[in-house]
Amino acid sequence: SAGLEDALSSGEYTLFAPSDAAFEKLQSVPSGEDLRDLLLYHVVPNRIINSIAIPHGSLVMGNGETTHFDTSSDEYSHHHLSSPHIHGGYINNVSLYWTDIPAVNGVIHEVTEVLVPK
């Protein structure tokens, strides 16, 4: 257990969720505080809907580190309001794949790689 129950027990969140294939690319899975830091680096303590997000800027992640969010790519598909699959959009140069997946306490965006904290 990464001990995230207290950190994520209330409020709304945005989760940048790596695919199973992304996790399989990791050479090793951290444990303890390193695992907690890695997992919180995929969470923003606010609901960020990609279809209405600011085109680019910084996000402060759940572990306190800052990432760069960019949906202003020329490849970005503006028809994604009818389909959650987008062609473009990045967080720390990692592609957003499926976006705006509703969750009980926020929203999920699938990313193509595991985001690694500094």
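Heads up: numbering here begins at 1 and tracks the sequence.
Taking every heavy atom of both residues into account, T66 and Y41 meet most closely at O-OH, 4.2 Å. For the residue pair P45 and G62, the shortest heavy atom distance occurs at CD-N, 4.4 Å.
In this structure, I48 CD1 and F16 CZ are separated by 5.5 Å, a value rounded to the nearest 0.5 Å. Considering CD of E113 and OG of S95, their distance stands at 7.5 Å, rounded to 0.5 Å. Interatomic distance, Y90 OH to D70 CG, rounded to the nearest 0.5 Å: 8.5 Å. Atoms CZ and OG, from F69 and S58 in turn, are 11.5 Å apart once rounded to the nearest 0.5 Å.
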Problem set entry | Steps toward side chain to side chain contact (heavy atoms under 4.5 Å, CB included) verdict (V111, W98) | CA-CA 7 Å; V111 293; W98 288 96; over 6 Å; no
For this session: For the pair D100 and H109, evaluate side chain to side chain contact (heavy atoms under 4.5 Å, CB included) and give the outcome as yes or no after the intermediate values.
Result: CA-CA 6 Å; D100 297 347; H109 306 304; 3.1 Å; yes
For this session: Kindly indicate, with the supporting measurements, whether the criterion side chain to side chain contact (heavy atoms under 4.5 Å, CB included) is fulfilled by N105 and Y13.
Result: CA-CA 6 Å; N105 63 337; Y13 301 93; 3.7 Å; yes
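Residues passing the side-chain contact (heavy atoms from CB on, under 4.5 Å) test with V114 are P18, A22, F23, L26, L38, H42, sequence neighbours excluded. A search for salt bridge (Lys or Arg N to Asp or Glu O under 4.0 Å) contacts involving E65 returns nothing, not counting sequence neighbours.
Of the residues I49, V107, I108, the one that meets the side-chain contact (heavy atoms from CB on, under 4.5 Å) test with T14 is V107.
Among residues at least two apart or in separate chains, salt bridge (charged side-chain N to carboxylate O under 4.0 Å, His left out) pairs with a member in residues 10-29 are E12-R47.
In this structure, the side chains of P117 and N63 come closer than 4.5 Å at one or more pairs of heavy atoms. The shortest distance between side-chain heavy atoms of V44 and V60 does not fall below 4.5 Å. Contact annotation: the side chain of M61 approaches that of I91 to within less than 4.5 Å [non-hydrogen atoms, C-beta and beyond].
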